[in-house]
Trainee: 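Sending over a structure as structure tokens; questions will come in a sec.
Just so it is clear, the model here is predicted, and its values are computed rather than measured.
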Amino acid sequence: MPRSRLSRPALLCLLALPLGLSLGSCRYNFVPLLPPVIAPNLPVRITEAALKRDGNDLIVTARLDGRFEPGFLSVNWFDSSRAIGSDSVYLDAEQRTATFRLEAIDDGAYRAVLSFGGAVLRQVELYEVQP
């Protein structure tokens, strides 16, 4: 039997060379190089809220962010577990901040619960005495 001049590994390399060159030219054309920018559609949320005392008044400030339909931001005031008042203000895309005031002469364990569209979004607290 005549022996071939090329050894078996060299023959395999010779056969694999065209295959390797053709695979190197393949590209994934269906995957974008830079994906499109995704703009998140976040629900309404309160990003800044604070409850503080100013003399005889309690003051709550709040800021809404996210996409929302215009509506009322409501606050319910509590001293420990006793409800002591409520208020609301209309907010839209141009007016996103609200300030609420409540007269409270005595020291207490005050809470203000903020809600928008019937959903409670935040509770802020000011403890001047033990609850």
Side-chain angles (χ1 to χ4, degrees):
M1 207 152 108
R3 250 181 140 212
S4 94
R5 293 185 178 191
L6 294 174
S7 66
R8 185 175 211 136
L11 185 60
L12 287 175
C13 286
L14 186 63
L15 291 174
L17 182 65
L19 182 63
L21 291 175
S22 65
L23 287 177
S25 64
C26 292
R27 281 185 253 157
Y28 296 106
N29 292 328
F30 57 87
V31 176
L33 295 177
L34 296 174
V37 176
I38 298 173
N41 186 8
L42 299 173
V44 65
R45 63 199 182 282
I46 295 179
T47 55
E48 299 171 19
L51 171 59
K52 62 183 180 178
R53 178 176 284 281
D54 182 24
N56 289 336
D57 291 339
L58 296 175
I59 300 172
V60 169
T61 55
R63 176 173 176 73
L64 265 77
D65 279 333
R67 298 183 78 184
F68 65 92
E69 294 294 321
F72 286 92
L73 177 66
S74 301
V75 63
N76 292 316
W77 299 89
F78 296 92
D79 183 5
S80 292
S81 61
R82 181 177 57 98
I84 57 173
S86 64
D87 197 3
S88 63
V89 67
Y90 186 80
L91 297 180
D92 57 16
E94 293 179 14
Q95 177 66 33
R96 292 181 170 264
T97 60
T99 302
F100 300 99
R101 289 182 170 269
L102 178 74
E103 185 177 0
I105 298 170
D106 299 328
D107 288 347
Y110 295 107
R111 293 181 297 128
V113 178
L114 297 160
S115 59
F116 186 80
V120 174
L121 298 179
R122 179 76 60 95
Q123 173 177 299
V124 289
E125 302 167 337
L126 175 65
Y127 292 117
E128 300 169 323
V129 297
Q130 290 296 323

Trainee: For the CZ atom of Arg122 and the CZ atom of Arg63, what is their distance to the nearest 0.5 Å?
Mentor: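 With rounding to 0.5 Å, CZ (Arg122) is 13.0 Å from CZ (Arg63).
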Trainee: So how far is it from Leu126 CG to Ile59 CD1, rounded to the nearest 0.5 Å?
Mentor: 11.0 Å
Trainee: Starting at OG of Ser88, measure out to CG of Leu114 and round the result to the nearest 0.5 Å.
Mentor: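 Here the interatomic distance stands at 11.5 Å.
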Trainee: Please report the closest heavy-atom contact between Ala62 and Leu73, naming both atoms and the distance.
Mentor: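 Here Ala62 and Leu73 meet closest at CB-CD2, 4.1 Å.
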Trainee: Starting at CD1 of Ile105, measure out to CG of Asp107 and round the result to the nearest 0.5 Å.
Mentor: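 Between atom CD1 of Ile105 and atom CG of Asp107 there are 11.5 Å.
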Trainee: Ignoring hydrogens and angles, tell me if any N or O in the side chain of Glu103 forms a donor-acceptor pair with the backbone of Asp57 under 3.5 Å.
Mentor: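 No.
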Trainee: Give a yes or no on whether the ring-centroid distance for Tyr110 and Phe78 is below 6.0 angstrom.
Mentor: no
Trainee: Is there a side-chain contact between Arg67 and Asn41 in this structure, where contact means two heavy atoms from C-beta onward sitting under 4.5 Å apart?
Mentor: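 Of all side-chain heavy-atom pairs linking Asn41 with Arg67, at least one is under 4.5 Å.
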Trainee: As an exercise, state the distance from CG of Asp87 to OG1 of Thr99, rounded to the nearest 0.5 Å.
Mentor: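 Atom-to-atom, Asp87:CG and Thr99:OG1 are 11.0 Å apart.
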Trainee: Hey, what do you get for CD1 (Ile46) to CG (Leu121), rounding to the nearest 0.5 Å?
Mentor: 4.5 Å
Trainee: Over all heavy atoms of both residues, which pair between Ser115 and Val120 is shortest? Give the atoms and the distance, please.
Mentor: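 The answer is CB-CA, 3.9 Å.
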Trainee: May I ask you to decide if Gln95's main-chain N or O and Asp92's side chain share a donor-acceptor pair within less than 3.5 Å?
Mentor: yes
Trainee: Any side-chain heavy atom of Phe72 sitting closer than 4.5 Å to one from Phe116?
Mentor: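 No, too far: nothing below the 4.5 Å cut-off.
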Trainee: Taking Arg96 for its side chain and Gly66 for its backbone only, find out whether a donor-acceptor pair lies under 3.5 Å.
Mentor: yes
Trainee: Between Arg101 (side chain) and Val60 (backbone), is there a donor-acceptor pair under 3.5 Å?
Mentor: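 Not a single qualifying donor-acceptor pair exists.
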Trainee: Looking at every non-hydrogen atom in both residues, tell me the closest pair between Val124 and Ala50 and how far apart they are.
Mentor: CG1-N, 4.2 Å
Trainee: If hydrophobic clusters are built by linking Ile, Leu, Val, Met, Phe, Trp and Tyr wherever their side-chain heavy atoms come under 4.5 Å apart, do Trp77 and Val89 end up in the same one?
Mentor: yes
Trainee: Any donor and acceptor pair, going by atom type alone, linking the side chain of Arg111 with main-chain N or O of Val113 inside 3.5 Å?
Mentor: no
Trainee: Write down the atom of Ala109, the atom of Val129, and the distance for their closest heavy-atom approach.
Mentor: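 That closest heavy-atom pairing would be N-CG2, 3.8 Å.
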Trainee: Can you name the nearest heavy-atom pair linking Leu91 to Thr97, along with the distance?
Mentor: CD2-O, 3.5 Å
